[in-house]
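Because only heavy atoms are used, hydrogens play no part in the values below, and waters and symmetry mates are left out as well, while side chains stay in. In what follows, every chain begins at residue 1, and chains take the letters A, B, ... in the order their sequences are listed.
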Amino acid sequence: MNIKISALQFTREVKSGSISAEDFIAKTMEQIQNIDDNLHAFLSINDKAVDQAREIDKKIKSGGKIGQCFGMPISIKDNICIKDTKTTCASKMLENFIAPYDATVITKLKQQDAIFVGKVNLDEFAMGLSTEFSAYGPSKNPWNTDYVPGGSSGGSAVSVSAFECVASLGSDTGGSVRNPASFCSTVGYKPTYGLVSRYGLISYANSIEQIGPLTRTVEDAAFMLNLIAGLDSNDNTTVDNNNEDYLKDINSGIEGKKIGIIKEMIGEGIDPSVLSATKDAISKLEGLGATCEEVSLDMVKYSVAAYYIITATEAGSNLARYDNLRYGYDFSVEGFEFNSYIEKARKKFGSEVTRRMILGGFVPSAGHAGRYFLKALKVKSKLLRQINDAFKKFDLLISPTVPILPFKIGEKINDPVTLFLIDINTVTANLTGKPAISIPYAISNGLPIGIQLIANSMNDKLLLQAAYALEKTVKLPEVPI
Amino acid sequence: MTKIGLEIHSQLTKLESKLFCSCKANYREFEPNTNICPICIGLPGSLPRLNQKAVEKATMIAMALNCSTPEKIAFFRKNYFYPDLPKNFQITQLNLYGNTSVGGTGILMVGEKKIRITRIQLEEDPGRLIYEGSSEKNLVTLVDYNRAGTPLVEIVTEPDFENPREVREFLNILSNLLENLDVSDPSLEGAMRADANVSIEGGNKVEIKNIGSFHDLEKAIHFEITRQQSLHSRDIPIIQETRHWDDKRKITVSSRSKEEDLDYRYFLEGDIPWVKIGNEVKEKLKSEMPESISSKKQRYISKYNIPAQVADVLSSDKFYSDLFEDAHTKENAKEVANIITTDLMGLVDTREKRESSKLKPSHLQEIADSIQSNKITRNSAKNALYEIVKTGKKLSDLISELDLGNVSDESELLQIIESVILEEPQAVEQAKSNLLTINYLVGKVMQKTKGKADPKLTLDLLKKKIQ
Ligand SMILES: [Zn+2]
């Protein structure tokens, strides 16, 4: 049986009876057994997956009502809650946190008969872009296991890329879906802020992050969005999408569309192979009838700084609850003293989380907010104005997803500033709430390169149409696993 | 001049659910930590789900206190660590970007005095800490999150009070107002709390926290004024600080924790989008607002000719005015008002008594009508009321059961009058020369009839007999 098929292909085959969900899930679990010791995409495995698939097959045979997923194997980033399942955020702090409820996206996927094969790795609390900051060890890039898979949704990208599932849900705070998608040669899509409910996603920087799918194809990403998008009474920031069908007309093409090439994202520091891939993509888009033109968003220069200040501030608040009174390890109540208690408990955080928590205590504090936090908010609103202006002229914007190629595990872990700068092309979509997608575009020296497209808010359909058109021009080698 | 300002916290106890989840706003009947859910205990991944009703009620309060109400309101995070705070931040409001709290500046009149309201904000109540243990050494702190997330309105005043008496009057008026708006039941334990700040001429502002009751608030302010005056008279500077009210010793004590140094790192709560409160919504709320106390009072006076003092008492207490509204007719209004303010008040003067009272508006109606039609005397009415509050029995049943019916049979009454005249020759003589003293004899007749003699008939018959 071929497990290297797309999500939509899977649903078609199970529906037609040419494969059974049980066989496919069993094969997928076998794949995980075989290769995940090496890749370490998974933090926990659903040992009932095959049984669940069998139930779905029964339902299909008996002619019962069946959801759109037909038992599709999906992996879930371990910062999204599945009821009665450990949700660790790849942190020692939540080592034993068993979620008592389902995230809205999980509820929706369960209703559509998806099967969750397991929870996948991430940088601790989604802070990082390499999964090296996972408290349970890094995931490895299936294209070359000496290299990082990107992050923070590294486990999601690895599991999709290495056929340990057909699709995955990650979360994207500053590129956390798109970055690993780019590094592992999968599609990674961050929807418009508010399009997908965050209820059940453990917050890192709640004002800018979104749950998004990582898939093998753009169509699969649209399919996933169909399943998870929409208004949710449990998340007041969600917006009504009127049950939009993102798959419908996905092949509309991009003829006559205007595409802006973001100048600040193809400049200094970009790897030559990334630049040439980007140029190639631009000419392909022009070949499909789009017109491309450079556009400057000069606030992009400050976007990473603003991003880190805003995310640190929100993280400092969102993670404040992990104080060991309620999470972390158990202490004897003997000799209890509140401050020392907290001090000990906080040692459960890894170095990157600690770094951002400290930063988050500083940048919005009285006396410093003016120089940091308030300034970052100004950059954010100016950036939004600039990108909105750009969308008056352009339908879409384009850039490489990441300015560099995947790097080696351990290569940059002690250089946080360099690591931060890698986010330069992805954070803009988060700070402005715009939808953005990374599609696999090229392989250079055996390492993947992704191209990013950005659309205006709620223009997700157009974004997916353009990504679909571009994807059709690409033919890539298979992942060497 | 002494300046006192207040920060009042009032729970919106009349709401069905908490501010950000569907747990009960009325947490009081629950076993500890059973009125909780992933949202109000801040479990990872949970998000606040704003209770629109709370926004509406808080806006009503703002309008009732003549506060400006903004077009849009925003919520902020106040970050601090405390075991009763599940998320280690409180979702509250702040006017960081212009007026984005439910209420801006307003005014509440206390008699002739204007008290300026600084702002009104909507926020979540933390959980409750319960200290248990016999000694300092064995002290255990227990946390009950049943209260966490209860909708709370904070009302901040300018330092416009000059003495504790004004504070007390203000709080009375305010709690009546909140009760009348049907947003809160201030008599519930912990439903209304207040902190105060006090400064005297030439001194700095001192905040007093941790005051358990309004009664103690008055004491605390009093203590603080005296303390500051005594420092001042000895030329000792009064430093700006936060002091805690020591409930046991009834004094204020300087806080060891430097709360004024706390940096709350306020920022916008991204999980709750700004809430638009347009003119349409405001008009709708205005139309839904219960009639104000002062308008009720005016109506009672002008429509029913009820004396101002009675109307005042009746209108300012929602329990009484609701009873009145349901019981009165145009004909018996004055009588119903009288029964409530003279006879009923003593019977239902506590929350517990009100709750256990079996009295229905229909009872009051019956009583008033029976008095007006001379079926029973006021005195009997009072006795009946006592029984009704206890048992909820019908008045007609009680009249026969307790033999409360008026003695209005002329011959029966005449017999009694004659025996009184025989027993009280001196008083009779006196009444003959001064008719005003005849009331003594009426009283005697009443005594003999256990208050059931028709007073008017008694007087008429007595007069005839004597003259
Ligand atoms: Zn709750």
From the list B/Pro38, B/Cys21, B/Pro44, the residue making the most non-hydrogen contacts under 4.5 Å with chain A is B/Pro44
To the nearest 0.5 Å, atom OH of B/Tyr97 lies from atom CG of A/Leu377 at 5.0 Å
From the list B/Lys78, B/Arg77, B/Arg265, side chain to side chain donor-acceptor pair (under 3.5 Å) partner of A/Ser317 resolves to B/Arg77
Applying a strict 4.5 Å limit to non-hydrogen atoms, the region of A/Tyr199 in contact with chain B is both
Is the count of non-hydrogen atoms from other residues, nucleotides or ligands lying under 6.0 Å from B/Glu16 atom CD greater than 12?
no
Worksheet item: Are the side chain of A/Tyr101 and the backbone of B/Cys37 linked by a donor-acceptor contact shorter than 3.5 Å?
Response: no
| query | With a cut-off of 6.0 Å (strictly less than), are more than 12 heavy atoms of other residues, nucleotides or ligands near CD of B/Glu280? | reply | no
Between B/Leu47 and A/Asp235, the two heavy atoms sitting closest are CD1-CG, 3.6 Å
Most heavy-atom pairs under 4.5 Å with chain B, out of A/Leu374, A/Asn79, A/Thr313, belong to A/Thr313
Bottom line for A/Leu319: the part with an atom under 4.5 Å from chain B's heavy atoms is neither
Problem set entry | Neighbour count above 12 (heavy atom, 6.0 Å) for B/Lys282 NZ | yes
Applying a strict 4.5 Å limit to non-hydrogen atoms, the region of A/Tyr204 in contact with chain B is neither
Tested for side chain to side chain donor-acceptor pair (under 3.5 Å) against B/Asp271, the lone hit among A/Asn318, A/Asn206, A/Thr237 is A/Asn206
Most contact-rich option vs chain A, by heavy-atom pairs under 4.5 angstrom, among B/Leu43, B/Ile272, B/Leu50, is B/Leu43
Max heavy-atom pairs within cutoff under 4.5 Å with chain B, candidates A/Gly361, A/Ser197, A/Ser203, A/Gly367, goes to A/Gly361
So, the part of B/Ile39 with a heavy atom under 4.5 Å from chain A: the answer is side chain
Review point. So with a 6.0 Å cut-off around CZ of B/Arg128, is the heavy-atom count from everything else above 12?
Key: no
Whatever's closer than 4.5 Å to a heavy atom in chain B on A/Ala369 counts as neither
Turns out that what part of B/Asn79 lies under 4.5 Å from chain A's heavy atoms comes down to side chain
Inset, instruction - For atom CD of B/Glu31, decide whether the heavy atoms of other residues, nucleotides or ligands shown that lie under 6.0 angstrom number more than 12. - result: no
Inset, instruction - Could you tell me whether A/Lys83 atom NZ has more than 12 heavy atoms of other residues or ligands within 6.0 Å of it? - result: no
Residues B/Tyr82 and A/Arg326: closest non-hydrogen pair is O-NH2, 3.7 Å
When the 4.5 angstrom heavy-atom criterion is applied to A/Thr87 and chain B, the contacting part is neither
- Query: Is atom NZ of B/Lys14 surrounded by more than 12 heavy atoms (other residues, nucleotides or ligands) closer than 6.0 Å?
  - Reply: yes
Comparing A/Ala103, A/Ser365, A/Cys81 against chain B, the one with the most heavy-atom pairs below 4.5 Å turns out to be A/Ser365
Note: vs chain B, highest number of non-hydrogen pairs under 4.5 angstrom among A/Cys89, A/Gly200, A/Pro100 is A/Gly200
What one should report as the nearest heavy-atom pair of A/Arg321 and B/Asn88 is CA-ND2, 3.8 Å
Shortest non-hydrogen pair, B/Gly270 vs A/Ser207, comes out as CA-CB, 4.4 Å
